[in-house]
**Student:** 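Mind having a look at this structure? Questions to follow.
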Protein chains: 4
Amino acid sequence: MPRTEEQNEKIKNERKQQILNAAMLLFSKQNPAEVSIAKIAKEAGVSKGLMYSYYESKEHLQKEIVFQCMDEIMSIFQMDKGAFVDAQDFRERIDRLFDHVQNNITTWSIYTQLLMQPSMKEVFMSPKVLEMMEDYQRQLYQYMTNQGFEDPEKEIVIMGALIDGISVQYVSAPEFIDLNVVRNHIKDVYGKEN
Amino acid sequence: MPRTEEQNEKIKNERKQQILNAAMLLFSKQNPAEVSIAKIAKEAGVSKGLMYSYYESKEHLQKEIVFQCMDEIMSIFQMDKGAFVDAQDFRERIDRLFDHVQNNITTWSIYTQLLMQPSMKEVFMSPKVLEMMEDYQRQLYQYMTNQGFEDPEKEIVIMGALIDGISVQYVSAPEFIDLNVVRNHIKDVYGKEN
Amino acid sequence: MPRTEEQNEKIKNERKQQILNAAMLLFSKQNPAEVSIAKIAKEAGVSKGLMYSYYESKEHLQKEIVFQCMDEIMSIFQMDKGAFVDAQDFRERIDRLFDHVQNNITTWSIYTQLLMQPSMKEVFMSPKVLEMMEDYQRQLYQYMTNQGFEDPEKEIVIMGALIDGISVQYVSAPEFIDLNVVRNHIKDVYGKEN
Amino acid sequence: MPRTEEQNEKIKNERKQQILNAAMLLFSKQNPAEVSIAKIAKEAGVSKGLMYSYYESKEHLQKEIVFQCMDEIMSIFQMDKGAFVDAQDFRERIDRLFDHVQNNITTWSIYTQLLMQPSMKEVFMSPKVLEMMEDYQRQLYQYMTNQGFEDPEKEIVIMGALIDGISVQYVSAPEFIDLNVVRNHIKDVYGKEN
DNA sequence: CATGAATGAGAGTTCATTCAT
DNA sequence: CATGAATGAACTCTCATTCAT
């Protein structure tokens, strides 16, 4: 009784996720360039050969990881739900973001590490990502304007720098960094009820 | 007749700098782990073998670069000159920092890239660096207090996140980022004359 | 469909033996330290990389060879069969030993060469080898006493020196050395019927 | 005031000996193939470059060492003094030999190690060495005949094997081997007064 | 769909040797 | 005569990738 197409698809997706998880775990502990395909395969519990049924090459695997991280991170702001409706919505999204950083340090660690690499610039500059960015900018601009800021663009830059800065510090040395200082600061400054 | 001690010293220094420059150039364009000794040697115009007269191993070369970057960056704030005396001094130091980021993007790119790597944690946690950090914290704390901030520690965190965040963004995509927004914001907020 | 465990095992054993044979052949013709992994791989008809699937390192390969030679040589005296029962048994064992030297000059050449190297002392001093040596001493002591020798320990030393000396000479220049002179001398002196 | 030709010659010889001694010291502790020219130069207190004023290559240095060892060893028997005149003379020469082994374990260790190497066969087979060997054989044959041995050739083989065997054992593990057992045995058997 | 033996290019590293000084 | 910076070939070893099974 051969497996149905559907079952196969399911198995494939599970395997793919297995491999991705294994890779992410190892990448978070060591420079991806120093993690061998063999180690990932072992960690994922599959054979070396099988890796290439799911990922064309090591480079592709790395890029897919960055994309997945990006998707995950972007989804936090729930851009699909439309613009930030009000200050409460804004504060909730900020909380979701900071919670995510705190609870998914592995994801963020890999994401930061990989994004720092010049070779990943093309991922960063892909249409898909750029579009997301623009959406994010537009919605935030709208919100900042509503909040009465004189120079919304400036505030977006400041807020972005704050978030990126504290995240980078946090993944580098989570034991020394308290995310809440910045979290609260952002909520105070940008999430005030009118 | 053999070269004098002096002549040898001079040659060695020149060669060492040559290699360092080549390595930094390449590291800024590609993940250091993926830059081979052969490539660095070629870029520096020396033989592969000679690399090992000047650097015990690739790892040592990498670490020396991080340390050098760190020294350079730390020296910007001129902690040796003592605490920030007044707002003007503060603003000058901030300017020096931002100028440095802008003019030494290579240094900052490598520095950020390497520091993101788990294996570099030990460099970051070395006594020398930690001591510098503490100095920096202490002097800034003093300054923030003088400026009349209620919660100086919080302000240090915020300012640090801002600087790190904008720097990371800048080295990732200098063509899209305008450092001056954050530079002026910091000078406005923290560098006001009393 | 993947190969069965059994098939893999078989392949691995064959390959391992192939490599061992190649290494021994080359080691017998040249100082092992001067025989490169590449040469061994070529002689064995496998790729350089594959060598490391079977032997962790060159050092491991060398040591495995010494151990194998040692086992082979030790097994000649068939210590497991118990003490030398009588003069005929003694003579038979001596013959087996000399036949082995004559027919396995490669083994003996490597063995002698490697054992001369200071770094191999640890192999020589391993518990397993030392135990075998003691067994050998004990059994020979018993036999020499039975044969009526006044100073059995002395005879053991003399006989050992004779065997080692002629073996070393033989592997150095087999075309000049006639093993039988010493073989017969030992059988005459120590293998007389009571 | 330039050095005279004579002084230069003296300096050269001293330097040469310096290098030789350094090399022998290191070779006795490590497989010659693993001792670098740099290490020898350092041990000898000269520059790497100078090594090549005295020895054409590493190989030549090694061969010169074997030759020197051989000369030293051969001189012990004082073949130049002519045949063994009587049993006392024989016993004295045997004593000189065993004393030398005991007091110059470094020399013997290198000598044995190097002679075991197939590449050194040519040294062993050189006319000079072969001639020495023949002299030794002839003189010993004469002596053994005088001593009344029926088969002098056989006795020469036996004695040679004994000496080589115990020497090899001694340099391999001096702490376990008592040279005197064989020394006395040889003097007893072959050095009896008629 | 799954395996892991096998490959080969290239990595880091060492070292005998050369040669400008 | 003496130095040691410099070279380049060769070394040990790793690893992404392939493919027979």
Side-chain angles (χ1 to χ4, degrees), chain A residues 2-3 8 11-12 15 33-42 46-61, chain B residues 1-5 7-12 14-15 33-41 45-59 61, chain C residues 1-5 7-12 14-15 33-41 45-59 61, chain D residues 2-3 8 11-12 15 33-42 46-61:
Chain A
R3 285 190 279 262
N8 269 334
I11 288 175
K12 252 181 130 168
R15 279 256 184 292
E34 281 164 0
V35 177
S36 69
I37 288 285
K39 266 188 211 147
I40 301 172
K42 201 175 176 186
V46 301
S47 71
K48 254 184 300 172
L50 198 61
M51 301 285 296
Y52 290 84
S53 307
Y54 294 101
Y55 296 96
E56 214 175 301
S57 71
K58 197 185 174 184
E59 208 192 330
H60 280 80
L61 172 56
Chain B
M1 291 108 235
R3 277 189 280 261
T4 65
E5 194 72 14
Q7 284 173 307
N8 274 328
E9 205 56 36
K10 200 185 149 205
I11 289 177
K12 272 178 126 168
E14 280 171 14
R15 216 55 81 243
E34 280 165 357
V35 177
S36 70
I37 289 284
K39 272 185 209 146
I40 302 172
V46 301
S47 69
K48 247 191 311 173
L50 195 64
M51 299 288 297
Y52 291 84
S53 302
Y54 294 97
Y55 297 94
E56 218 174 296
S57 69
K58 197 187 172 182
E59 207 193 330
L61 172 56
Chain C
M1 289 110 239
R3 278 190 280 261
T4 65
E5 193 72 14
Q7 284 173 310
N8 273 328
E9 204 56 35
K10 201 186 147 203
I11 289 176
K12 272 178 126 166
E14 279 170 14
R15 215 57 79 245
E34 281 165 357
V35 176
S36 71
I37 288 284
K39 272 186 209 147
I40 301 173
V46 301
S47 70
K48 247 191 311 173
L50 195 64
M51 300 289 295
Y52 292 85
S53 302
Y54 294 97
Y55 297 94
E56 220 175 293
S57 70
K58 197 185 173 183
E59 206 192 333
L61 172 57
Chain D
R3 284 190 279 264
N8 269 334
I11 288 176
K12 252 183 130 168
R15 280 257 183 290
E34 282 162 0
V35 177
S36 69
I37 288 284
K39 266 188 211 149
I40 301 172
K42 200 175 178 187
V46 302
S47 71
K48 253 184 304 172
L50 197 61
M51 300 285 296
Y52 289 84
S53 307
Y54 295 101
Y55 297 96
E56 213 175 300
S57 70
K58 197 185 174 184
E59 208 191 331
H60 280 80
L61 171 56

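Throughout, protein chains are lettered first and strands after them, A, B, ... in sequence-line order, and every chain is numbered starting at 1. No experiment lies behind these values; they were computed from the predicted model shown.
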**Student:** Using atom CG of N8(C) as one end and atom P of dA2(E) as the other, report the distance to the nearest whole Å.
**Tutor:**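 Roughly 17 Å, once rounded to whole Å.
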**Student:** Could you pull out all residues at least two apart from E5(B) that satisfy side chain to side chain donor-acceptor pair (under 3.5 Å)?
**Tutor:**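 Checked E5(B) against side chain to side chain donor-acceptor pair (under 3.5 Å); zero matches.
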**Student:** Figure out the NZ/C1' separation between K39(A) and dT14(F), and round it to whole Å.
**Tutor:**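 Spelled out: NZ on K39(A) to C1' on dT14(F) is 10 Å.
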**Student:** Would you indicate which nucleotide in dT12(F), dA2(E), dA6(F) comes nearest to any side-chain atom of K48(C)?
**Tutor:**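 Nearest listed nucleotide: dT12(F).
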**Student:** What is the distance from CD of E34(B) to P of dA11(E), rounded to the nearest Å?
**Tutor:**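 These atoms are roughly 11 Å apart.
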**Student:** With respect to the side chain of P2(C), which nucleotide from dG8(F), dG4(E), dT3(E) is positioned closest?
**Tutor:**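 So the side chain of P2(C) is nearest to dT3(E).
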**Student:** Rounded to whole angstrom units, what separation is found between the CD1 atom of I40(A) and the P atom of dT17(F)?
**Tutor:**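 In whole Å, dT17(F) P and I40(A) CD1 are 11 Å from each other.
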**Student:** How many Å lie between NZ on K12(C) and C1' on dT21(F), as a whole number?
**Tutor:**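 It is 16 Å, rounded to the nearest whole Å.
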**Student:** Going by side chain to side chain donor-acceptor pair (under 3.5 Å), name the pairs with one or both residues in residues 47-57 of chain B, residues two or more places apart or in two chains.
**Tutor:**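 Sorted pair list: S57(B)-H60(B).
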**Student:** Can you list the residues that meet the side chain to side chain donor-acceptor pair (under 3.5 Å) rule with E59(C), with sequence neighbours excluded?
**Tutor:**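 E59(C) satisfies side chain to side chain donor-acceptor pair (under 3.5 Å) with K63(C) once adjacent residues are dropped.
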**Student:** With sequence neighbours left out, write down each residue that passes side chain to side chain donor-acceptor pair (under 3.5 Å) with Q7(B), or none if nothing qualifies.
**Tutor:**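 Testing Q7(B) for side chain to side chain donor-acceptor pair (under 3.5 Å), a comparison that skips the adjacent residues, returns T4(B).
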**Student:** What base-paired stems does DNA chain E take part in, with at least 3 consecutive Watson-Crick or G-U wobble pairs and both distances under 3.5 Å?
**Tutor:**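 Consecutive-pair runs (3 or more) involving DNA chain E: E:2-21 with F:2-21.
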**Student:** Can you tell me how far CG of L61(A) sits from CE of M51(A), rounded to the nearest 0.5 angstrom?
**Tutor:**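 M51(A) atom CE to L61(A) atom CG measures 5.5 Å (nearest 0.5 Å).
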**Student:** Under 4.0 Å from OP1 or OP2 of dA5(F): is there any side-chain N or O of R15(B) that close?
**Tutor:**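 No, no such contact exists.
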**Student:** Which atom pair, heavy atoms only, marks the closest approach of K39(A) to E34(A)?
**Tutor:**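 Taking K39(A) first and E34(A) second, the nearest heavy atoms are NZ-O, 4.0 Å.
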**Student:** Short of 4.0 Å, heavy atom to strand atom, which residues of residues 50-58 of chain B count as contacting DNA chain F?
**Tutor:**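 Nucleic-acid contacts, sorted: L50(B), Y54(B).
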**Student:** If I take atom CD1 in residue I37(C) and atom P in nucleotide dA9(E), what distance separates them, rounded to the nearest angstrom?
**Tutor:**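 Nearest whole value for this atom pair: 19 Å.
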**Student:** Need to verify one output field. Residue with the more 5' nearest nucleotide on DNA chain E, V46(A) or S47(C)?
**Tutor:**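 Residue closer to the 5' terminus by nearest nucleotide: V46(A).
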**Student:** Want to settle it: does G49(C) or A38(B) sit nearer the 5' end of DNA chain E, counting the closest nucleotide to each?
**Tutor:**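 Its nearest nucleotide being more 5', the pick is G49(C).
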**Student:** Of the non-hydrogen atoms in K58(D) and V35(D), which two are nearest, and what is the gap between them?
**Tutor:**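 Looking at all heavy atoms of both residues, the closest pair is NZ-O, 2.7 Å.
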**Student:** Looking at CG of N8(A) and CD1 of I11(A), how far apart are the two atoms once the value is rounded to the nearest 0.5 Å?
**Tutor:**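 CD1 of I11(A) is found 5.5 Å from CG of N8(A).
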**Student:** Here's a test of your reading of the structure: between S36(C) and G45(B), which maps to the more 5' nucleotide of DNA chain F?
**Tutor:**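 The residue closer to the strand's 5' end, by nearest nucleotide, is G45(B).
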**Student:** Starting from P on dA6(F), measure out to CZ on R3(B) and report it in whole angstrom.
**Tutor:**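 From R3(B) CZ to dA6(F) P: 7 Å.
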**Student:** In whole angstroms, how far is the P atom of dT13(E) from the CG atom of L61(B)?
**Tutor:**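 So the CG-P distance, L61(B) to dT13(E), works out to 10 Å.
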